[in-house]
2 protein chains.
Amino acid sequence: MAVTIRDVAKAAGVSPSTVSRALSLPDMVDPATRERVLRVADHLGYRPNRAARGLITGRTGNLGLILPDLANPFFPSVVKGIQHQAHQADYQVFVADSDEDPGAELGLVRSLAKQVDGLILCSPRMRPAELREAATFAAPVVLVNRKEGSIPAIAIANAAGMRLIVDHLAGLGHHRIGFVAGPRSSWSGRERLRGLRVAATATGTELVELGHFPPTFEGGVDAAEGALISGVTAVVAYNDLTAFGLLSALRARGVDVPGQLSVVGIDDIQMATMVHPPLTTLNIPKERTGRASVDLLLHLLGERADIPDRVREMPTELVVRETTGPINSTSQQSARRTPRR
Amino acid sequence: MAVTIRDVAKAAGVSPSTVSRALSLPDMVDPATRERVLRVADHLGYRPNRAARGLITGRTGNLGLILPDLANPFFPSVVKGIQHQAHQADYQVFVADSDEDPGAELGLVRSLAKQVDGLILCSPRMRPAELREAATFAAPVVLVNRKEGSIPAIAIANAAGMRLIVDHLAGLGHHRIGFVAGPRSSWSGRERLRGLRVAATATGTELVELGHFPPTFEGGVDAAEGALISGVTAVVAYNDLTAFGLLSALRARGVDVPGQLSVVGIDDIQMATMVHPPLTTLNIPKERTGRASVDLLLHLLGERADIPDRVREMPTELVVRETTGPINSTSQQSARRTPRR
DNA sequence: CTGAAAGCGCTAACAC
DNA sequence: GTGTTAGCGCTTTCAG
């Protein structure tokens, strides 16, 4: 069996409580004894049993994270930020992937809630009522990439971001801009649509809704046809993965980007710079968002003195690369690269 | 406070032990009582406290997963497989990312070991001695993508895979093949090098070692120059990400792929089909590998009757796409697509 | 088949 | 400052 606090106590010639104190409340014990206890503990290879501690303190030292799809590179980045900050504060994190199934999320919340001190719901797809129910399950909840009532959240400044995109496109001369929306269940998808609408009116451009598609490469592929027949000169994709799918389908049809059609993504995943042409996209500070969500959670748990806002918006930044260009430049542009079919 | 087993007992008019049994050992209790207890429990919204249970059973119901870098798309796929299988068996999983720091791994093992029933070390970078030490920390350990002594493992059939690659390339007429190795700390990197050497001798081709690079896009970019001056006609990259970097740098230099140089990756990450040209690569069944590792772990925990091998190799498959082609076809090929600079 | 009692490893009053 | 006691929520002998 593993070495317990009693073993340490015995070996150090003190009582279990003294060992406990030496470990958790260092200044409640005589420096000399503490020193000795710590040395003995270390020597015996003592590791506190967090479950036992949690049973009495009510703290598990664990955080839970639920997200829609780890295969979307956006999420691993957020996860890295979350883990970094969590480990920093000596928390471990449970990660659970709902596979884009809104129905699965509540179940995951339920099974995680009792084993964690707090829950981070990243881009949750569940309905508002469910979300509020989820926020009810004992452990404090922080939303990432979504807002709902007064539930603490780290959101993205979507409206401002959409404005950056539309301004960029309008500046390039585009008047009709298409939007490939993500899943209907996506809050940020709706937010982005809303932001795009506002920005379009503000800049006097027309926004064409190209429909809802899965937030994947395939979704983008499927959206290409509609984008083409809609007669827009630029299209904004729900996220970078979708933009890649769009780009791939456009290339297959011999459509020159950005000569005939400009494409902009959202997220700025690492791959955006790796593909050719590199993708113009709206950067979201993914790791920072992850870290911020942990900070907020720790604050809620009373581990942080500083008081972050309960709902905070992360800034975005437009990264102009090569998939956007001026309108009406078809002829020169398309001569540069001959389509493969 | 949350509803406990005693609340249920009281409400159902039985003792706590009966409730416990009704939940965990259904057939040790009268069907009628069990039924009633279960209904009451459900009605009260009772959720067992796993930490408390674990304290006595010694089982936490948790699994730990340590991997080098979530940002490499290879890993999220494995994680998905692991989670799927783990949730299936009602286990939750802690995920920890070491950020490619071999030194951090042992620490993660330590901090996770006591809170889990088993540990999956995915592509661990630590040294053999450390690995054996890690396998010593109470919780059973399963290695993924590595073999070490008799530690249970799910490895990849690297030798066979390398043979597939070399055969493909040799069949295309290539005689000098370069290998961009990953980090020195990577076991599979060394395995692959070994396999490549064997395959090269077997097919009468020459293997040129291009040096060690980080297993990232940037690593591939940095490796390009060396590949070019080495005079090889084909290069095998440590993984797909590295292959992408290579491809990107080659394009920037106006080198036609596969006209002047063939490139093959390893992993077959989702992005391999999304880039242009699509990457020829060695498929590794990532989700299956993840699932297999959980199966093995559960077996070790006595939850599985069937006896999987303690060390199992997952098969690979070569997926030929467009970055490999016959040698000496430079002239026709390069006319097809004009480099951008 | 069911209840009473003990105790998993730890911390938190409460004494001393 | 330190030891003693009780008990977190649960399972598991041991009786009945």
Side-chain angles (χ1 to χ4, degrees), chain A residues 1-38 40-41 44-62 90 111 113-117 137-139 302, chain B residues 1-38 40-41 44-62 90 111 113-117 137-139 302:
Chain A
M1 213 41 197
V3 25
T4 81
I5 206 171
R6 306 165 80 106
D7 300 325
V8 178
K10 205 158 297 175
V14 295
S15 79
S17 14
T18 301
V19 177
S20 172
R21 283 190 278 254
L23 263 41
S24 316
L25 303 75
D27 18 56
M28 275 189 64
V29 53
D30 185 283
T33 7
R34 169 176 15 130
E35 186 69 20
R36 183 158 40 94
V37 169
L38 259 31
V40 172
L44 261 45
Y46 170 76
R47 309 246 95 204
N49 180 328
R50 299 183 77 148
R53 173 182 297 177
L55 203 51
I56 180 153
T57 60
R59 288 295 184 84
T60 61
N62 301 330
D90 203 28
S111 57
K114 300 292 283 275
Q115 315 187 53
V116 301
D117 295 337
F137 281 118
Chain B
M1 212 42 200
V3 24
T4 81
I5 207 171
R6 305 165 80 104
D7 300 325
V8 179
K10 206 158 295 177
V14 295
S15 77
S17 9
T18 301
V19 176
S20 172
R21 283 190 278 254
L23 264 39
S24 315
L25 303 75
D27 19 57
M28 276 189 63
V29 52
D30 185 283
T33 352
R34 174 182 5 137
E35 187 68 19
R36 181 159 42 94
V37 169
L38 258 32
V40 172
L44 261 46
Y46 169 75
R47 307 247 99 203
N49 180 327
R50 298 183 79 148
R53 173 182 295 179
L55 203 51
I56 181 156
T57 61
R59 288 296 184 82
T60 61
N62 300 331
D90 204 28
S111 58
K114 300 291 284 272
Q115 315 188 53
V116 301
D117 295 337
F137 281 118

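Keep in mind that the numbers below use all heavy atoms, side chains included, and drop hydrogens, waters and symmetry copies. Here is the naming used below: chain letters follow the sequence lines, and residue numbers restart at 1 for every chain.
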Do you know which two heavy atoms are closest between Thr33(B) and Val14(B), and how far apart they sit? CG2-CG1, 4.0 Å
Would you say NZ of Lys10(B) has more than 12 non-hydrogen atoms from neighbouring residues, nucleotides or ligands within 6.0 angstrom? no
Check whether any side-chain N or O of Ser17(B) sits under 4.0 Å from OP1 or OP2 of dA4(C), and answer yes or no. no
Counting heavy atoms from C-beta on, name the nucleotide in dC10(C), dT12(D), dC10(D) closest to the side chain of Thr57(B). dT12(D)
Please confirm whether the backbone N or O of Pro16(B) pairs with a side-chain atom of Ser20(B), one donor and one acceptor, at under 3.5 Å? no
Roughly how many Å is it from CZ in Arg6(B) to C1' in dG7(D), rounded to a whole number? 10 Å
Just compare dT2(C), dG1(D), dC10(D) and give me whichever is closest to any side-chain atom of Asp30(B). dT2(C)
In whole angstroms, the gap separating C1' of dT12(D) from CG of Leu23(B) amounts to 15 Å
Checking all strands, does Arg50(B) fall into the base, sugar-phosphate, or nothing category for heavy-atom contacts under 4.0 angstrom? nothing
Just compare dG3(D), dG9(C), dC10(D) and give me whichever is closest to any side-chain atom of Ser15(A). dG3(D)
What's the CG-P distance between Asn49(A) and dC10(D), to the nearest Å? 16 Å
Trace of the side chain to side chain contact (heavy atoms under 4.5 Å, CB included) decision for Val40(A) with Val19(A): CA-CA 10 Å; Val40(A) 172; Val19(A) 177; over 6 Å; no
Would you indicate, yes or no, if dT2(D) has its OP1 or OP2 atom less than 4.0 angstrom from a side-chain nitrogen or oxygen of Thr33(A)? yes
Taking for Leu55(B) and for Thr18(B) the nucleotide of DNA chain D with the nearest heavy atom, the one nearer the 5' end belongs to Leu55(B)
At under 4.0 Å, does any side-chain N or O of Ser20(B) touch on OP1 or OP2 of dT11(D)? yes
Nearest whole Å is fine: how far is dC8(D) P from Arg53(B) CZ? 18 Å
Both Gly13(B) and Ile56(B) contact DNA chain C. Which one's nearest nucleotide lies toward the 5' end? Gly13(B)
In terms of the nearest nucleotide of DNA chain C, which residue is placed more toward the 5' end: Arg47(A) or Arg34(B)? Arg34(B)
Tell me: CZ of Arg21(B) to C1' of dG3(C), nearest whole Å? 8 Å
Both Pro16(B) and Ala52(A) contact DNA chain D. Which one's nearest nucleotide lies toward the 5' end? Ala52(A)
Donor-acceptor contact below 3.5 Å, side chain Arg36(A) vs main chain Ala12(A): yes
What's the NZ-P distance between Lys10(A) and dG3(D), to the nearest Å? 14 Å
Among the nucleotides dT2(D), dC10(C), dT12(D), which one has an atom lying closest to any side-chain atom of Leu25(B)? dT12(D)
Output the rounded distance in Å from NZ (Lys114(A)) to C1' (dC8(D)). 13 Å
For dT11(D), does either OP1 or OP2 sit under 4.0 Å from a side-chain N or O belonging to Ser24(B)? yes
Mind calculating the distance between CD1 (Ile5(B)) and P (dT12(D)) to the nearest angstrom? 11 Å
Give the minimum heavy-atom separation between Asp7(B) and Ala2(B), together with the two atoms involved. OD2-O, 4.0 Å
